[in-house]
Amino acid sequence: QVQLVESGGGLVQPGGSLRLSCATSGFRLDSYTIAWFRQAPGKEREGVSCIGISNVATYYSHSVKGRFTISKDNAKNTVYLEMKSLKPEDTAVYYCAITNVLVVSTTWSMKYKYTNWGQGTQVTVSS
């Protein structure tokens, strides 16, 4: 049974950092594309970052590029999202999701391509 469990969210001041984790089970992590999405109140869920099958590529949204880093530890079956220089507009519920579809730069953030989702973790950036 596929499971994705996010953790690491919380309240942080602007300019601060957080590291989110997505613990996975029930599938071989290296055989899937895994992505982080986020959803702020009243807004559409949007792609934040993605790491492709066998680490072939990583992708970032324009709004987080240079501040966020995605990585994964296959031995621990865990994917991470390191977030630095956080801004109030980064406030959202963050979700990890997987797909066995090969994605490219123009398709990685399409929500419908992802088949399994975690329950989300809240990130609040506020002073």
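Sequence positions, counted from 1, serve as the residue numbers for this chain.
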Using every non-hydrogen atom in the two residues, find where Ser126 and Pro14 come nearest and quote the distance to one decimal.
C-CD, 3.6 Å
To check you understand the geometry: which heavy-atom pair defines the closest contact between Tyr60 and Phe68, and what is its length?
CE2-O, 3.1 Å
Grab the two heavy atoms, one from Thr91 and one from Val125, that are nearest each other, plus how far apart they are.
OG1-N, 2.9 Å
Using side chain to side chain contact (heavy atoms under 4.5 Å, CB included) as the criterion, list what pairs up with Ser105, not counting sequence neighbours.
Tyr59
Is there side-chain contact between Arg38 and Val123, with heavy atoms separated by less than 4.5 Å?
no
Any side-chain heavy atom of Tyr80 within less than 4.5 Å of one from Thr69?
no
Do any pairs count as a disulfide (SG to SG under 2.5 Å) and have a residue in residues 36-97, sequence neighbours left out, and if so which ones?
Cys22-Cys96
Between Leu86 and Leu18, which heavy-atom pair has the shortest distance, and what is it?
CD1-N, 3.9 Å
Do Thr24 and Ile34 have side chains that get closer than 4.5 Å, going by heavy atoms?
yes
What are the two closest non-hydrogen atoms of Ser49 and Leu81, and how far apart are they?
CB-CD1, 4.1 Å
Mind checking whether Trp108 and Ile51 sit in one hydrophobic cluster, side chains of I, L, V, M, F, W, Y counted as touching below 4.5 Å?
no
Contact check, side chains of Leu20 and Thr121, non-hydrogen atoms, under 4.5 Å
yes
Check: Asn116 and Phe27 side chains under 4.5 Å, non-hydrogen atoms
no
Of all heavy-atom pairs between Tyr95 and Glu6, which one has the smallest distance, and what is that distance?
CA-OE2, 3.2 Å
Neighbour count above 12 (heavy atom, 6.0 Å) for Glu44 CD
no
Check whether any side-chain heavy atom of Val79 lies under 4.5 Å from a side-chain heavy atom of Ile70, and answer yes or no.
yes
Heavy-atom check, side chain of Val93 versus side chain of Arg45, under 4.5 Å:
no
Does the plane of the ring in Phe37 sit parallel, tilted or perpendicular to the ring in Trp117? Use 30° and 60° as the thresholds.
tilted
